[in-house]
Amino acid sequence: MEFTVGQIAEVLHGAVEGDATQQINRLAKIEEAQAGALSFLSNPKYEPHLYTTGATAVIVSRTLELRQPVAAALIRVDDPYTSFTTLLEFYQQATRTGKRGVEEPAYLAASSRIGENHYRGAFSYIGENCEIGRDVVIFPHVFIGDRCKIGDGTILYAGAKIYAETVIGARCTIHAGAVIGSDGFGFAPQPDGSYRTIPQIGNVVLEDNVSVGANATIDCATMGSTIIREGAKIDNLVQIAHNVEIGRHTVVAAQTGISGSSKIGDFCVLAGQAGIAGHLSLANRTTVTAQSGVGKSIKEEGVLLQGSPAFNLRDSLRSNAIFRHLPDLERRLTQLERNRTEPEKP
């Protein structure tokens, strides 16, 4: 696919500086781009590459002041990073999900319905009484259990497993190997020390524009629903337990674990390997740094947490600074005690 610089600028509502008739046929990093490529500049530390890049065009900020002449055409926009993301989304949609039709063998239960312009890959399975929207892409070896609902434009990559009763909204992305709706970890201790399985009869609900990473797992609720709100992004290898609620546009990084019945607010950030204990809540815009463990609810919005157990970031950094100096403090304290106990010289 080829587009002119001017056509791309029109899509992005940008202004062109340079030759708007040049052809663009690919996207590339600014430091690696060659003729025919479109790149972008958002981080100031990459600005030197702007003056040496081989890209045909570069997306830059409207406010960027050039330090020297630039060979590439410039597309000036309000936010280069967001504009380039828009192009990446368009490119991915056109190249990676352009398949349509049905590959054989693929199973669709007679009681289920699927909308127009969809794709079903070989060995995919759709159970009884499912309702699937239009423009849905289902790659090979996807399993969709009975009575599931999937909205328009959702993509399910190879090997995703969607248990019965799951509800997935429009324009969601479920990556390879993800498991949605598996049993929550519910067992009742018995007098003899054994455990009795508690039936998990709830479901999982994903609202619109949710992304679930490869090999992530989201457990169904014991009763009611485990809910992932609109726009939330779940990374690879994340575990979300039964009856958890993830707020709107919250991001959860890889290897994070969220225990049962916890409620995560809107616009929160859970960094890699964070651990959230059960039955607690995090206020909107809470940030939990990598490898931190949260053991109590956070009621104040916008708090940054660090450590295990996690506490306020500023206090944590101050404590870490003191901790690094403990050996020196110990030596000084020992010397002070020695000075106090030694007899005065005559």
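For this chain, numbers begin at 1 and follow the sequence in order.
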A quick test of your reading: do over 12 heavy atoms of other residues, nucleotides or ligands sit less than 6.0 Å from CD of Glu104? yes
Is there a path of hydrophobic side-chain contacts, each under 4.5 Å between heavy atoms, that joins Leu27 and Val16? yes
Mind checking whether Ile162 and Ile168 have side chains closer than 4.5 Å, heavy atoms only? yes
What distance do Ile155 atom CD1 and Phe139 atom CZ have between them, rounded to the nearest 0.5 Å? 7.0 Å
Charged N to carboxylate O under 4.0 angstrom, Arg134 versus Glu116? yes
Please step through side-chain hydrogen bond (donor to acceptor under 3.5 Å, both in side chains) for the pair Asp135 and Asn117, ending with a clear verdict. CA-CA 5 Å; Asp135 301 313; Asn117 204 32; 2.7 Å; yes
Mind checking whether Ile264 and Leu282 have side chains closer than 4.5 Å, heavy atoms only? yes
For a side-chain hydrogen bond (donor to acceptor under 3.5 Å, both in side chains) check, start with the C-alpha distance between Thr226 and Asn243, then their side-chain angles and the critical distance, and finish with the verdict. CA-CA 4 Å; Thr226 301; Asn243 291 94; 5.4 Å; no
Sidechain N-carboxylate O distance under 4.0 Å for Arg62, Asp78: yes
Honestly curious: do Val179 and Val212 fall in one hydrophobic cluster under the side-chain, below-4.5 Å linking rule? no
Does the pair Arg229/Glu245 count as a salt bridge with the N-to-O cut at 4.0 Å? yes
Between CD1 of Ile240 and CD1 of Ile276, what distance do you get to the nearest 0.5 Å? 11.0 Å
ILVMFWY cluster, Phe3 and Leu88 together (side-chain gap under 4.5 Å): yes
So, the side chain of Gln200 versus the backbone of Ile198: is there a donor-acceptor pair under 3.5 Å, distance only? yes
Can you confirm if the NZ or CZ of Arg100 lies within 45° of the ring axis of Tyr119 and under 6.0 Å from the centre of its six-membered ring? no
Could you see if Ile180 belongs to whatever hydrophobic cluster contains Val167? Use Ile, Leu, Val, Met, Phe, Trp, Tyr and a side-chain cutoff under 4.5 Å. no
Would you check if Arg26 and Ile24 make a side-chain contact, meaning some heavy-atom pair closer than 4.5 Å? no
Counting only heavy atoms not in Glu128, do more than 12 fall under 6.0 Å of its CD? yes
Counting only heavy atoms not in Glu65, do more than 12 sit closer than 6.0 Å to its CD atom? no
Is any side-chain N of the basic residue among Glu207 and Arg248 closer than 4.0 Å to the acidic one's carboxylate O? no
Rounded at 0.5 Å granularity, tell me how far CZ in Arg285 sits from CD in Glu300. 14.0 Å
Could you measure the distance from the OG atom of Ser182 to the CD1 atom of Ile218? Nearest 0.5 Å is fine. 9.0 Å
Before giving the answer on side-chain hydrogen bond (donor to acceptor under 3.5 Å, both in side chains), spell out for Thr56 and Gln22 the whole-Å C-alpha distance, their side-chain angles and the decisive distance to 0.1 Å. CA-CA 7 Å; Thr56 295; Gln22 296 180 91; 4.8 Å; no
Should Ile150 and Ile114 be regarded as members of a common hydrophobic cluster, given that ILVMFWY residues are connected when their side-chain heavy atoms come within less than 4.5 Å of each other, either directly or indirectly? yes
Between Ala283 and Lys299 the two heavy atoms that sit nearest each other are CB-O, 3.5 Å
Value for CD1 (Ile228) from CG (Asp208), rounded to nearest 0.5 Å, stands at 13.5 Å
Step by step, would you call Gln335 with Arg338 a side-chain hydrogen bond (donor to acceptor under 3.5 Å, both in side chains)? CA-CA 5 Å; Gln335 185 61 48; Arg338 184 179 296 119; 3.0 Å; yes
Can you list the other members of the hydrophobic cluster that holds Val70, where links are side-chain heavy atoms under 4.5 angstrom apart? Ile30, Leu41, Tyr46, Leu50, Tyr51, Val58, Val60, Leu64, Leu66, Leu74
Is the shortest distance from a Lys or Arg side-chain nitrogen in Arg76 or Glu17 to a carboxylate oxygen in the other one below 4.0 Å? yes
Looking at Leu304, is its backbone amide N or carbonyl O close enough to the side chain of Thr287 to form a donor-acceptor pair, meaning the two atoms are under 3.5 Å apart? no
Between Gln273 and Thr256, which heavy-atom pair has the shortest distance, and what is it? N-OG1, 3.7 Å
Approximate separation, where rounding is to 0.5 Å, of His242 NE2 and Met223 CE: 11.0 Å
Look at the side chain of Ser292 and the backbone N and O of Gly307, then say whether any donor-acceptor pair between them is shorter than 3.5 Å. yes
Quick one: does Arg113's side chain get under 4.5 Å of Glu131's, heavy atoms only? no
For Gln239 and Asp219, work out which heavy atoms get closest and say how close. NE2-OD2, 3.1 Å
Expected output: side-chain Ser297 to main-chain Ser281 donor-acceptor under 3.5 Å: yes
Side chain to side chain, Val137 and Leu156, heavy atoms closer than 4.5 Å: no
Checking side-chain contact (heavy atoms from CB on, under 4.5 Å) for the pair Leu329/Leu333: CA distance, chi angles, key distance, verdict? CA-CA 6 Å; Leu329 291 173; Leu333 180 60; over 6 Å; no
Hey, does Tyr157 have a side-chain heavy atom less than 4.5 Å from the side chain of Thr173? yes
In this structure, are over 12 heavy atoms from other groups packed under 6.0 Å from Tyr81 atom OH? no
Heavy atoms, side chains only, cut-off 4.5 Å: are Asp235 and Val238 in contact? yes
Give a yes or no on whether Lys263 atom NZ has more than 12 heavy-atom contacts from other residues, nucleotides or ligands under 6.0 Å away. yes
Got a sec: does the CD of Glu2 have more than 12 other heavy atoms crowding it under 6.0 Å? yes
Shortest non-hydrogen contact between Ala72 and Ala55, atoms and distance: CB-O, 3.3 Å
Which atoms form the tightest heavy-atom contact between Ala274 and Thr289, and what is the distance? CB-O, 4.4 Å
Do you know the tightest heavy-atom contact between Ala232 and Ile246? CB-CG2, 4.1 Å
For this output row, return yes or no: ring centroids of Phe185 and Phe187 closer than 6.0 angstrom. yes
